[in-house]
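In what follows, a structure is listed as structure tokens, so that the remarks can point back to it.
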Amino acid sequence: MEDETSGLWLFGYGSLIWKPPPHFDRRVPGYINRYVRRFWQASEDHRGTPQAPGRVVTLIDHDHWKSLSDPHANAPERVWGAAYHIPPARTQEVKEYLDIREINGYSIQYTPFYPAESVRQSDGSLPEKFSCLVYIGLPENPQFVGPQDLDALAAHILKSVGPSGENKEYLYMLEMALETLSPESVDEHVSDLAGRCRELERARGPEERDEERKHVGEGLTRVRSTEEQEEVE
Ligand code: BEZ
């Protein structure tokens with residue numbers, strides 16, 4: 001939802017949950033309906049490279065998802081995340097900042113957002129729902145990967161790295177951030193993949209870990225500063 005006087009509400013379901021946009025004045029945990037969150041978007045610019053893309057989350061329309069063959073065969077119709085209110089004076093600046101993310105296949109959609117019941121109980125001014133802007137990597141976008149074998153996906157995340165850091169860090173941060181939103185916000189797809197990654201890490205011997213450390217950073221275009229890194233993902 002956006003207008004010149006009320007500002008913009010933006011819904012985050014991935015890195016935005018733990019890495020907020022600049023200039024927000026309100027963060028509200030809650031959910032959107034009729035989507036499924038999956039690690040099905042290739043990342044060439046943040047958690048991978050064009051030569052070796054990593055994997056980040058996108059949302060799939062629940063009805064479309066039902067027509068696909070997903071090894072994680074169950075998914076709730078709610079996707080938990082956080083809505084951020086961007087004040088009117090900063091809307092343009094934040095949209096320009098966020099549009100950088102569109103380059104890698106995401107497009108803008110609007111969808112109703114439902115604040116967590118506990119938040120509404122403590123703030124009577126919040127409506128039951130309101131419209132939010134959300135970035136979605138649609139199935140038609142070239143970075144959309146679709147269903148993948150879960151062990152292969154976990155191994156892929158484990159080995160990937162990009163200018164914003166290691167792909168596994170994105171997965172582990174998302175898992176942790178989801179645990180903080182509400183008692184219902186854990187996402188089985190995310191926590192199962194994180195568990196598989198941790199298992200693979202444990203199974204690796206010290207030699208393999210040393211070898212991996214040597215490769216982290218190879219072939220990356222380094223961002224110029226921490227500030228710039230924060231700005232791109
Ligand atoms: C997010 O919700 O964190 C997000 C999703 C797509 C692009 C950028 C951020």
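All values reported here derive from a predicted model rather than from experimental measurement. One-based numbering, in listed order, for ligands and for the atoms of each.
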Check: Does Glu44 have any salt bridge (Lys or Arg N to Asp or Glu O under 4.0 Å) partners at least two apart in sequence or in another chain, and if so, which?
Finding: none

Under 3.5 Å, N or O to N or O, is [X] touching ligand 1 that way?
X      : result
Gly14  : yes
Leu16  : yes
Tyr13  : yes
Tyr135 : no

Notebook entry, point to check: Under a 4.0 Å N-O cut-off, is there an ion pair linking Glu199 with Arg202?
Noted result: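 Looking at Arg202 together with Glu199, the answer is yes, because their closest N to O distance falls below 4.0 Å.
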
Item checked: Which of the ligand 1 atoms, numbered from 1, are nearer than 4.0 Å to a heavy atom of Gly12 ->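 Ligand 1 atoms under the 4.0 Å threshold to Gly12: 2 (O).
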
Note to self: Suppose we screen for side chain to side chain contact (heavy atoms under 4.5 Å, CB included). Which residues come up paired with His64, at least two apart in sequence or across chains?
What the structure shows: Ile60, Asp61, Ser67, Leu68, Pro139

Note to self: Would the distance check show the side chain of Tyr170 and the main-chain N or O of Val57 forming a donor-acceptor pair, the cut-off being under 3.5 Å?
What the structure shows: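 Yes; at least one donor-acceptor contact below 3.5 Å.
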
Margin query: Does Glu93, at its CD atom, have more than 12 non-hydrogen atoms belonging to other residues, nucleotides or ligands within less than 6.0 Å?
Written below: yes

